[in-house]
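Because the structure is predicted, anything quoted here is derived from the model rather than measured.
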Amino acid sequence: MAAARRTAKGVWDRFSASDPGLLRLMAGLRTVGAILLALAVLALFGTSVNHLVAGAMTAMVATFAIQEKEVRGQAITLLLGVPVAFAAISLGALLNSLVIAGDVFFVLLIFGAVYSRRFGDRGTALGLIGFQVYFVSLFVSAEVSTLPGLFLTLAVAFACSAVVRFAVVPETPERTLQRLREAFRARLAQLVAHQIELLDADADAVDGVLDDLRRSTARLHEAALMIQGRLEEGTRDAAAAALLQRRVADAEIAAERLGVLLLNARSAERVETLTLHLPNAATPMPPRAKIADDAGTALRRDLNALHLLVVRLVPDDRGTALPYVRNRLLGYREERGLPQGSPAIQDCFRAVGEAARAILGLRLAVDGSKDEEYDTPEAARSREEFAAEEISIAGEAAGADEEERTGLRRPTTRAAVQVSVGSALAIVGGEFLSTQRWYWAVLTCWVVFLNTASTGEIVVKGYRRLVGTVLGVVAGVALAGAVGNHTWIAFALVLLCVFGMFFTAPLSYAMMSFFVTAMLGLLYTLLNTYSLDVLVLRIEETALGAACGIIAAVLVLPVRTSHRTDEELGTVLARLRDVVSAAVAQLSGGPAVDLVDLARDLDTALDDLRSSTKPLTHPIAPLRARRQTARYVVALLETCAYHARSLAATAELVPSSKSVAADARLALAGRRITHNIDLIAAHVREEESEGTIESGASIASMLDSGRHEVLRTGSVAGRVLRHLQRLDEGIVGLARPLGVPLPVREEKAAGLAKD
């Protein structure tokens, strides 16, 4: 029985890690539940099939359109959506027979729906409801005589959406944050498990395990960013939010550092951190297949113990076994009980101790820990450091609450104009293809602009929608033939398609389009308007809509992909400079600042850059060299961000730790790094700049540490210098792919290395 429970927990952990916070699962269940309840209620009223379809589509729109985090805000937006939906369905019915007036109004409606996104989540939701309900009126051929029945159908759909949202599948910020914390724990456990596999992998299996390690590291980072986005609403106050943010960041950094050091232990020479961030990066092979000596055995034991601490990161665990394991690992931070081994192996043991400390801090922040009676002196010191940090965080949060906060929303006039022009072209072209189904082209033009910010993103999204539509037509033909005249079987399959649509939407736009098209085939079967010609027309209208969207994006107020990536790259460099300069200043004895917030701003900017480069790195991108350059630059920046986060985490310890002291000499190294970042940022912005990239002597030799002190392996000072050295190398490495002039000696060295 216990084995079955462990197996079930392991399966659930893997699922939870694949869907952080169960956000996709909850979105799918909530939407399907709203549609199912609406269909049940409407069926009790003896509603016609046309109105059943309208009710199902409206319930779907009323559920997925609302994305606000606060329950009160969701309720207000849902209530406001009812008159918006009534107005949209009424205008659709009134203008149904007036072709020109209807088309003009549709274009104006599209402009208003897109422009309303400037007003935040509520404006976005109401604009989406207005557009989609008008689309529903076209889909079911609404007429003035059917309006009373349609009003009742829409009211039932909105009511059912509210019941499911607030009662059946409730979603509160606190509950979402709790699930995200559980997903973070599951992904952390996965990462440690892959690190154990890396240690045990044979030489010919290292590459496959390394791919898993990269993937799990990226997923852990994704979960940390998602938690960051839910902290303010999901915690009781600003101090609790800041504390949880700090602990999650500590755990992420400690786990990532442990992976880097394990790679070094498996390799014949020191591995560049870029190996963890650049796909298909060459990894130096180990001189032996496995680390099989006593130190290797002890390291496997301790990694398994660390994995146990992560898996059992819940408040119900009591007893002496876990505290004993935790205390032994914590001792490695202070060289207590450190097993014998090579310097690289001992670095791994110290990193295990750092990870155990981060897990203890995360447990204290989330649920508290009541096992102080088992503490060793090392564990007690860690608790004291955490308590001092908590007091400092509470003071910083109190000061931040007094500051005025301003929104970051920007007008979306350009996007509204582009969508309107593209939709007008789609209407004209769609009318030539079909006077009844022309709105499919408009819908495609609309959706390819959603959540896109450059021409390249629109091209890629249009391509994915077309691929998904073609595959969905094939599925629609098969499903329509299998269903026949069985109405409720068709509705059941529609619900499965809806769930698949929402569950796969964040992962693959092509898959979402596949489920949408398959669902439409079933809906037309229900409306007795299904034919193979209709589904083929769907492909033609989709291709036309995507083409119109691309034409509008290219010709009307275009935003070139390179221009947007340069903007995002400039933002990342600015955020990187902020983190490095603030961390080095604090490590040099300067005033304390909120480095965790700065580091998360860097992560957010890097995530935006990663999204903006997807059109450049997509397989359909024609320029292979540009694709490789984009991947390399992003990987270099991810490596720099890792070292900047690690510096920030170490600097955060200075005010409260007894083992980390400030060193004024570090300011010299910081000046060189920030100087180089400024030069590269100016080049990206195409500004005139004086000076050249500074390089040459290592950071350690610049600080004369070789003559004045011996930096033992694994010491805090040595770790800081290593992070600074890797940052320096990473920033200089950015210069060549970005076209920043290098000093003559560096150009010659790069040429010799290339030869």
Side-chain angles (χ1 to χ4, degrees), residues 17 20-21 23 177 180-181 183-184 187-188 191 214-232 234 241-260 273-274 276-278 358 362 365 393 400 408 453 506 564-565 567-584 586 593-614 630-631 633-652 673-674 677 681 723 726-727 730-731 734:
L23 298 181
L177 181 59
L180 282 172
R181 293 201 312 257
F184 182 82
R187 288 192 167 186
L188 183 59
L191 178 56
R214 289 193 190 102
R215 192 178 304 112
S216 56
T217 301
R219 286 179 172 178
L220 182 69
H221 184 60
E222 176 193 11
L225 286 178
M226 294 176 76
I227 289 174
Q228 167 72 15
R230 303 275 177 164
L231 278 175
E232 289 189 8
L243 180 63
L244 181 58
Q245 180 186 28
R246 179 77 57 85
R247 298 296 171 250
V248 167
D250 288 345
E252 179 194 355
I253 291 167
E256 192 170 4
R257 180 171 181 267
L258 177 58
V260 172
T273 322
L274 189 63
L276 265 186
H277 302 114
L278 185 63
L362 190 59
I393 290 171
L408 297 177
R564 182 175 179 240
T565 54
E567 285 185 345
E568 299 295 348
L569 177 57
T571 302
V572 171
L573 292 171
R575 298 291 178 267
L576 179 62
R577 188 192 191 286
D578 291 343
V579 176
V580 173
S581 59
V584 170
Q586 191 160 316
V593 296
D594 192 347
L595 291 170
V596 176
D597 268 346
L598 292 177
R600 282 308 176 205
D601 289 342
L602 169 61
D603 291 335
T604 302
L606 188 55
D607 194 51
D608 291 340
L609 174 64
R610 196 180 297 111
S611 297
S612 71
T613 58
K614 284 181 179 178
R631 287 175 177 167
V633 168
V634 171
L636 267 179
L637 287 169
E638 287 176 342
T639 297
C640 292
Y642 159 69
H643 291 293
R645 287 197 303 270
S646 301
L647 274 180
T650 306
E652 287 278 4
I673 294 173
T674 54
I677 294 176
H723 287 311
R726 295 293 178 264
L727 261 173
I731 298 301
L734 278 173

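- Here the CG-CG distance, from D608 to L569, works out to 12.5 Å after rounding to the nearest 0.5 Å.
- The side chain to side chain contact (heavy atoms under 4.5 Å, CB included) check on A649 picks up D250, I253, with sequence neighbours excluded.
- At a threshold of 4.5 Å between non-hydrogen side-chain atoms, the residues R610 and L606 count as touching.
- The distance from the OG1 atom of T604 to the CG atom of L225 is 5.5 Å, given to the nearest 0.5 Å.
- Between E638 and H221, the closest side-chain pair of non-hydrogen atoms is not below 4.5 Å.
- Of all heavy-atom pairs between A358 and A251, the closest is CB-CA, 3.7 Å.
- Minimum heavy-atom separation, V580 to A644: CG2-CB, 4.3 Å.
- Across all their heavy atoms, T565 and S612 have their closest contact at CG2-O, 3.4 Å.
- For the atom pair CG (L23) and CE (M226), the distance works out to 4.5 Å, reported to the nearest 0.5 Å.
- Using a 4.5 Å heavy-atom cutoff, the side chains of Y642 and R257 are in contact.
- Taking the side-chain hydrogen bond (donor to acceptor under 3.5 Å, both in side chains) definition, one finds that D601 meets it with nothing, sequence neighbours left out.
- Side-chain contact between L244 and L362 is present, with at least one heavy-atom pair separated by less than 4.5 Å.
- Under the side chain to side chain contact (heavy atoms under 4.5 Å, CB included) criterion, A583 pairs with L595, L647, A651, not counting sequence neighbours.
- Applying the side chain to side chain contact (heavy atoms under 4.5 Å, CB included) rule to T571 yields the partners R575, A605; only residues at least two apart in sequence or on another chain are considered.
- Ion pairing of R600 with D597 is absent here, as no side-chain N (NZ or NE/NH1/NH2) approaches a carboxylate O to less than 4.0 Å.
- Listed by chain and residue number, R564 satisfy the salt bridge (Lys or Arg N to Asp or Glu O under 4.0 Å) test with E568 (two or more places apart in sequence, or in another chain).
- Closest approach of D603 and R645 over heavy atoms only: OD1-NH1, 2.9 Å.
- Minimum interatomic distance between E222 and R187 (heavy atoms only, all atoms of both residues): OE1-NH1, 2.9 Å.
- Looking at residues two or more places apart in sequence or on another chain, you find a side-chain hydrogen bond (donor to acceptor under 3.5 Å, both in side chains) between S216 and H194.
- The side chain to side chain contact (heavy atoms under 4.5 Å, CB included) check on I677 picks up L573, L576, R577, I673, I731, with sequence neighbours excluded.
- Here the closest non-hydrogen pair linking S581 and T674 is CB-CG2, 4.0 Å.
- Once rounded to the nearest 0.5 Å, the distance linking CG of L258 with CG of L191 reads 8.0 Å.
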